[in-house]
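Below: the structure, in structure tokens.
Labels below follow one simple rule: chain letters A, B, ... track the order of the sequence lines, proteins then strands, and each chain is numbered from 1. Values below: all heavy atoms of this structure, side chains included; hydrogens, waters and symmetry mates excluded.
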Number of protein chains: 2
Amino acid sequence: MLALVRGKTLAAAGQSLGVSYTTVARRIQTIEETMGLQLFERLADGYRPTAAAMAMAEHAARMETEQHALMRRLQGEDQRLTGPLVITAPQLLIGPYIAPVLRHYAETHPDVDLILRATNDLLDLSRREADLALRISGSPGDSPRIKGRKVCAQETASFASLAYAERLDPQLTVDWIVYEGHPHVPRKALERAPSSRVRYVFDDMVAIIGAAQAGLGVARLPLFLGRSSPGLVQVPLLPPQPYADIWVLAHEDVWPSAKVKAFRDMLVPALRARRGEFVA
Amino acid sequence: MLALVRGKTLAAAGQSLGVSYTTVARRIQTIEETMGLQLFERLADGYRPTAAAMAMAEHAARMETEQHALMRRLQGEDQRLTGPLVITAPQLLIGPYIAPVLRHYAETHPDVDLILRATNDLLDLSRREADLALRISGSPGDSPRIKGRKVCAQETASFASLAYAERLDPQLTVDWIVYEGHPHVPRKALERAPSSRVRYVFDDMVAIIGAAQAGLGVARLPLFLGRSSPGLVQVPLLPPQPYADIWVLAHEDVWPSAKVKAFRDMLVPALRARRGEFVA
DNA sequence: ATCCATACATGCATATGCGCATGTCCCTCA
DNA sequence: TGAGGGACATGCGCATATGCATGTATGGAT
């Protein structure tokens with residue numbers, strides 16, 4: 001019901017429920033027959049909810065919230081080290097930093113199934129899209145009831161390919177490769193190289209690194225990324241400066257669960273031990 | 001789940017859910033297997049919920065409340081005059097007062113299925129145990145969100161069998177038959193007949209009337225009851241005095257529904273037209 | 001000590017719900 | 001105007017869940 005109102009089509013609703021769209025259609029039909037009222041208008045391009053369906057969806061959403069709260073609570077009290085553990089982390093941190101921890105964790109707790117979601121989006125920890133999140137974020141208190149622990153500070157600097165760095169002249173025009181979210185030349189860089197300009201705007205960090213490695217220009221990158229990217233060298237256009245910190249986050253209900261706590265206890269020291277890779 | 005926590009036994013839970021207790025047992029078992037945790041301890045005299053089950057029940061109760069709210073809301077918006085309509089009224093009002101209205105209503109709206117619950121308890125209108133209640137009650141605002149309309153005032157007086165009334169002497173001992181809820185001789189009756197005493201305490205109004213008809217003593221009865229009970233006559237021990245009024249009640253969500261409104265519109269005038277039977 | 005009532009466990013036949021495959025309608029695009 | 005795809009409808013075989021009947025254990029009354 002709720003899924004159908006949200007998804008607009010039987011197929012979408014079915015997928016979100018993990019059942020076939022046929023089943024969704026039959027369930028709706030059953031409900032309509034039982035209640036003796038029409039919930040959806042059958043249109044050529046999908047089901048359109050009636051007012052009654054909207055009302056039902058509204059209540060169903062509240063019930064769903066309640067359901068999520070229950071699941072979180074049960075999970076938080078779960079002291080077993082078995083079953084699934086869903087972790088989300090920025091794509092670029094996973095390989096070099098998370099993977100070793102995953103390996104250690106899997107060996108120590110062989111009955112836990114580790115599920116990793118590589119994403120920079122803030123998955124909804126309240127909806128249990130993930131149990132534990134590693135995030136690069138200035139504000140860990142994104143939403144109420146999310147608990148967080150600062151792992152490490154982080155700094156950025158300017159990087160370019162070796163060839164580009166060698167012929168770099170602050171007096172001439174400097175080409176910048178920037179992230180879509182901040183499509184400007186860093187202010188401090190303008191002071192040192194006034195004729196800097198944005199030449200490339202990318203929506204993907206890997207692509208930015210690739211472009212910098214190809215010698216297209218200068219990119220502002222987190223220290224750990226620039227240093228670990230082959231062919232890139234730090235250029236003195238931008239002094240190392242504070243960037244968003246690294247945090248581990250979890251819903252406060254889920255935070256105390258054994259699986260989550262054990263992962264934290266492994267992840268945080270592992271990252272802190274390599275603090276030098278994140279700050280100058 | 002919730003039903004089992006409430007009912008304490010599989011059979012009770014099954015009954016409240018309208019399924020066999022076998023099904024409840026299997027459902028619990030399935031949930032326990034799926035979640036991988038124990039919800040109930042199997043004891044000889046029933047299932048005892050674990051902490052996890054209590055937590056689940058708590059959330060389930062909130063979901064149930066939400067569900068009830070939804071159903072009420074849908075019903076309140078229902079402008080059709082078909083389907084079930086559940087009415088509750090005091091047992092003794094049904095025959096002489098409600099039945100004629102029921103008949104008229106059934107003829108006018110033949111597609112409505114009338115379900116009557118004869119009870120003095122205040123059924124929970126929020127839980128949809130009844131759609132509309134006729135109540136003898138001083139305080140109609142029993143719970144929030146219940147809407148009410150006063151139908152008629154009511155008075156009580158003292159009644160006894162004809163034989164008892166004829167030999168009644170206020171100077172001698174007067175035997176009273178009283179209701180369990182108020183196991184005292186009315187104060188005003190003591191003024192007029194100081195040696196009155198409670199001789200019988202009954203928990204059933206019909207039994208009280210029967211006892212009075214059998215000549216066991218004097219009973220304080222609503223006027224409509226005393227007057228309509230064959231063999232009883234009013235005795236002057238107690239002047240007619242105000243009693244709890246008659247109200248129609250419904251949850252405010254359900255109040256505007258067509259079926260409920262139509263019933264009110266028939267019931268209230270029918271009762272008011274016979275106001276003289278309730279007050280002197 | 002025996003019987004009985006209560007409550008849960010289990011086996012079996014059946015009903016219900018499910019997914020897959022196919023059919024139909026309508027809209028879009030060439 | 002005709003082909004193609006998206007979305008819903010329908011029929012069929014199968015898995016699951018349900019109900020009934022029966023069996024077992026426990027506690028209390030006689």
Side-chain angles (χ1 to χ4, degrees), chain A residues 1-61 63-64 66-67 70-71 74 83-84, chain B residues 1-61 63-64 66-67 70-71 74 83-84:
Chain A
M1 238 299 305
L2 175 57
L4 184 50
V5 172
R6 282 193 183 137
K8 303 287 185 194
T9 112
L10 289 180
Q15 188 163 22
S16 86
L17 293 174
V19 298
S20 130
Y21 77 96
T22 316
T23 303
V24 179
R26 293 214 198 279
R27 292 218 263 240
I28 297 297
Q29 196 178 335
T30 305
I31 297 176
E32 286 185 338
E33 282 165 11
T34 310
M35 315 253 301
L37 54 83
Q38 195 179 359
L39 290 177
F40 292 89
E41 295 173 53
R42 274 73 170 168
L43 267 59
D45 60 338
Y47 272 37
R48 178 134 67 94
T50 64
M54 297 297 281
M56 283 190 65
E58 207 177 283
H59 288 261
M63 292 177 66
E64 190 192 39
E66 194 60 50
Q67 174 78 9
L70 167 62
M71 296 307 278
L74 289 179
Chain B
M1 238 300 305
L2 175 59
L4 183 49
V5 172
R6 281 194 184 135
K8 303 286 186 195
T9 111
L10 290 180
Q15 188 163 24
S16 85
L17 293 174
V19 298
S20 135
Y21 76 96
T22 316
T23 304
V24 179
R26 293 215 198 278
R27 292 219 263 240
I28 297 297
Q29 195 178 333
T30 305
I31 298 176
E32 286 185 338
E33 282 165 11
T34 310
M35 315 253 301
L37 54 83
Q38 196 179 359
L39 290 176
F40 291 89
E41 295 172 53
R42 274 74 171 168
L43 267 59
D45 62 338
Y47 273 37
R48 178 136 64 94
T50 64
M54 297 297 280
M56 283 190 65
E58 209 175 282
H59 289 261
M63 292 178 67
E64 190 193 39
E66 194 61 48
Q67 174 78 9
L70 166 63
M71 296 306 278
L74 289 178

If you measure from [atom1] on [X] to [atom2] on [Y], what distance do you get to the nearest 0.5 Å?
X       : Y       : atom1 : atom2 : value
A:Gln29 : A:Glu33 : CD    : CD    : 5.0 Å
A:Glu66 : B:His59 : CD    : NE2   : 5.5 Å
A:Leu39 : A:Met56 : CG    : CE    : 5.5 Å
A:Tyr21 : A:Arg26 : OH    : CZ    : 9.5 Å

> Do any pairs count as a ring-ring contact (aromatic ring centres under 6.0 Å, His included) and have a residue in residues 27-48 of chain A, sequence neighbours left out, and if so which ones?
Replying inline: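 Matches after skipping sequence neighbours: A:Phe40-A:Tyr47.
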> Among D:dA7, C:dC8, D:dA9, which nucleotide sits nearest the side chain of A:Ala25?
Replying inline: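 The closest nucleotide is D:dA9.
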>> Starting the side chain at C-beta, find the nucleotide from D:dC8, C:dA9, D:dG19 nearest to A:Arg42.
In response: D:dC8
>> Just to be sure I understand the rule, does A:Tyr47 reach a base, reach only the sugar-phosphate, or reach nothing, if contact means heavy atoms closer than 4.0 Å?
In response: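 The residue A:Tyr47 makes sugar-phosphate contact but no base contact.
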d([atom1], [X]; [atom2], [N]) in whole Å:
X       : N      : atom1 : atom2 : answer
B:Leu10 : D:dG19 : CG    : C1'   : 14 Å
B:Lys8  : C:dA7  : NZ    : P     : 13 Å
A:Gln15 : D:dA7  : CD    : P     : 12 Å
A:Tyr21 : D:dG6  : OH    : C1'   : 11 Å
A:Glu41 : D:dA9  : CD    : P     : 13 Å
A:Leu17 : C:dG17 : CG    : P     : 16 Å
B:Leu4  : C:dC8  : CG    : C1'   : 11 Å

>> Restricting to side chain to side chain donor-acceptor pair (under 3.5 Å), what partner residues turn up for A:Thr50, sequence neighbours left out?
In response: none
>> Give me each pair satisfying side chain to side chain donor-acceptor pair (under 3.5 Å) with a member in residues 1-14 of chain A, each pair once, sequence neighbours excluded.
In response: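 Sorted pair list: A:Arg6-A:Glu64.
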> Where along residues 27-34 of chain B does a heavy atom come under 4.0 Å from DNA chain D, residue by residue in number order?
Replying inline: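 Those residues are B:Arg27.
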> Mind checking what makes side-chain contact (heavy atoms from CB on, under 4.5 Å) contact with A:Gln15, not counting sequence neighbours?
Replying inline: none
> Are more than 12 heavy atoms from other residues, nucleotides or ligands located less than 6.0 Å from atom CZ of A:Arg48?
Replying inline: no
Taking only N/O atoms, report every protein-nucleotides 11-15 of chain C pair under 3.5 Å with atom names and distance.
from, atom 1, to, atom 2, distance (Å)
C:dG11, O6, B:Arg26, NH2, 3.2

